[in-house]
Protein chains: 2
Amino acid sequence: MHKQHKKERFEEFRKICREHGLNVTPQRIAVYEALSGSKNHPSAEEIFRRLVSNFPELSIDTVYRTLNTFAHIGLIRIVGGYGEVRRYDPDTQPHHHFRCLKCSRIVDFESPEFSRLKVPDVLQRKCRITGVKVVFEGLCEECLSR
Amino acid sequence: MHKQHKKERFEEFRKICREHGLNVTPQRIAVYEALSGSKNHPSAEEIFRRLVSNFPELSIDTVYRTLNTFAHIGLIRIVGGYGEVRRYDPDTQPHHHFRCLKCSRIVDFESPEFSRLKVPDVLQRKCRITGVKVVFEGLCEECLSR
DNA sequence: TCCTGTATAAGAATTATTCTTAAAAAAGAA
DNA sequence: TTCTTTTTTAAGAATAATTCTTATACAGGA
């Protein structure tokens, strides 16, 4: 991804849009370029601010809509806050989660093995690590049977 | 946690509150009981709805405040949507994250090993798993040096 | 070029969460 | 107990993120 040249990335982008029946608009190009050129997992607001000076008629709603569309077709991913409501877990013991991509259900499971994953060197050197969690994602039983 | 009896759990709860200089109020007891008796990682709103019929003067603000307090002292955990703004990642290749608990910075790292974690049987049987991510949490370089 | 469906801007609306403030409750001291 | 101080709460206003509505503009195909 970061290795590609701008040109190639653009062609790839255009192709993926076409495959999903999406028009290739200046707004979509701008949002995709802004995101794929950034390393810090920006929010919609940050992307909007980065673009609006060169693209004054761009609206924040379009940025949200565009990013959602991209995430929907798998062109980008959502990380961090999922824009969902905050949820709470009474279990403070180390444990891990499965999260249903469709209904957002969260299922706990225990795995001493996962709780003992080795911290990668690159993190170990710079950060103080206080915990690790493994999140499997997919479709839950209920959503599968529909 | 779920193994304990109500009584023991309550004594433990009271003890932890005291240790952190928190008064043990009916609201706090109610919110903690509601959360620790639930298996589905409820939102503040859900907890509020569960309680308000027996506790009509309870306010939603108190539920939020109480849950935040509990999370702060480590009595419960926040899962799922972190209540933070949604953020986007242009990298759709399997990779993993470190997340700073203080400034919410997200740092990518790659680990083919983590991307190949074996799906636990309990999930394998019921769900369709489409991905896995490992999230390390702690304090980042910048936040450590303050 | 024109046509048709798709995408957009603008701003209103919605929703989750936090803040403000005055009152109530709890803890501590006398 | 009663008085004082500190903490907590309820109520509702405020804020911030995200989505919706609608009329207009644009993209891609014929």
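Computed over heavy atoms, backbone and side chain alike; hydrogens, waters and symmetry mates excluded. In what follows, every chain begins at residue 1, and chains take the letters A, B, ... in the order their sequences are listed.
- Panel note: side chain B:H95, backbone B:Q93; a donor-acceptor pair is recorded below 3.5 Å.
- Distance B:F55 CZ to D:dA10 P: 6 Å, rounded to the nearest Å.
- The phosphate of D:dC26 has neither OP1 nor OP2 within less than 4.0 Å of any side-chain N or O from A:N23.
- In the set D:dA11, C:dA9, D:dG28, D:dG28 carries the atom at the smallest distance from any side-chain atom of A:V24.
- Contacts of A:I60 with the nucleic acid, taken as non-hydrogen atoms under 4.0 Å apart, are absent.
- The side chain of B:R28 has D:dT9 as its nearest neighbour among D:dA11, D:dT9, D:dA17.
- For D:dT19, one of the phosphate oxygens OP1 or OP2 lies less than 4.0 angstrom from a side-chain nitrogen or oxygen of B:R86.
- The OH-C1' distance, from A:Y32 to C:dA7, rounds to 20 Å in whole Å.
- Here the P atom of nucleotide D:dT8 and the CD atom of B:E57 are 18 Å apart, to the nearest Å.
- When rounded to the nearest whole Å, the span between CD1 of B:I73 and C1' of D:dT7 equals 15 Å.
- A side-chain donor-acceptor contact under 3.5 Å links A:T62 and A:R65.
- Within the structure, every side-chain polar atom (N or O) of B:T25 is placed at least 4.0 Å from both OP1 and OP2 of D:dT8.
- Close to C:dA25, at under 4.0 Å from its OP1 or OP2, lies no side-chain N or O of B:Q27.
- Proximity of B:R65 to the phosphate of D:dT9: a side-chain N or O atom is located under 4.0 Å from OP1 or OP2.
- Each of A:V63 and B:D61 lies near DNA chain C, and the nucleotide nearest A:V63 is the one positioned closer to the 5' end.
- Of the candidate nucleotides C:dT18, C:dT8, D:dA10, C:dT8 has the atom lying nearest to any side-chain atom of A:T66.
- A:Y64 has no side-chain polar atom (N or O) that falls below the 4.0 Å cut-off from OP1 or OP2 of D:dT19.
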(message) Show, in sequence, the C-alpha distance, side-chain angles and deciding distance for B:F136 and B:F98, and conclude whether the ring-ring contact (aromatic ring centres under 6.0 Å, His included) test is met.
(response) CA-CA 5 Å; B:F136 284 92; B:F98 163 77; 8.1 Å; no

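- Between A:L58 atom CG and D:dC26 atom P there is a gap of 14 Å when expressed in whole angstrom units.
- Between A:E142 and A:K102, none of the side-chain N atoms (NZ, or NE/NH1/NH2) sits under 4.0 Å from a carboxylate O, so this pair counts as no salt bridge.
- Following rounding to the nearest Å, A:R18 (CZ) and C:dT6 (C1') show an atom-to-atom distance of 14 Å.
- Among the nucleotides C:dT18, D:dT19, D:dT9, the one closest to any side-chain atom of A:N68 is D:dT19.
- Rounded to whole Å, the distance from CZ on A:F48 to P on C:dT8 is 14 Å.
- Atom CD in B:E46 sits about 10 Å away from atom P in C:dA16, given to the nearest Å.
- A donor-acceptor contact shorter than 3.5 Å is absent between the side chain of B:S53 and the backbone of B:R49.
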